[in-house]
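Inspection log for the structure reproduced underneath, given as structure tokens.
Throughout, residue positions are numbered sequentially from 1 according to the sequence presented.
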Amino acid sequence: MSRPFEIEIAESEEELTKRLQTANLGNQKEKLIMLWWIKSGQVKEQQEIGKRLGRDT
């Protein structure tokens, strides 16, 4: 089990959602979705993000 991480995200969930809808590049979308997951409380650990994205943390 990985340690929980603390990250402060200045943007609101709504702003992240709008930016996600207008993002053109794949890596840009991936970063925005990670921020949205964290901001919305869907993920608490770095490993969860890796599993959802299918990538190594």
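Both I7 and L53 belong to a common hydrophobic cluster when Ile, Leu, Val, Met, Phe, Trp and Tyr are linked at side-chain heavy-atom distances under 4.5 angstrom.
The side chain to side chain contact (heavy atoms under 4.5 Å, CB included) with E15 is formed by just one residue from the set K18, E13, R19; it is R19. Partner of L16 under the side chain to side chain contact (heavy atoms under 4.5 Å, CB included) criterion, chosen from L32, I38, I33: L32.
Taken from CD in E14 to NZ in K39, the straight-line distance is 9.5 Å, to the nearest 0.5 Å. Between the CD atom of E11 and the CG atom of L35 there is a distance of 7.0 Å, given to the nearest 0.5 Å. The line from CE of M34 to CD of E48 is 14.0 Å long, rounded to the nearest 0.5 Å.
Under the 4.5 Å side-chain criterion, counting only non-hydrogen atoms from C-beta, Q42 is in contact with W36.
The backbone N or O of L20 sits nowhere less than 3.5 Å from a side-chain atom of K29 that would complete a donor-acceptor pair.
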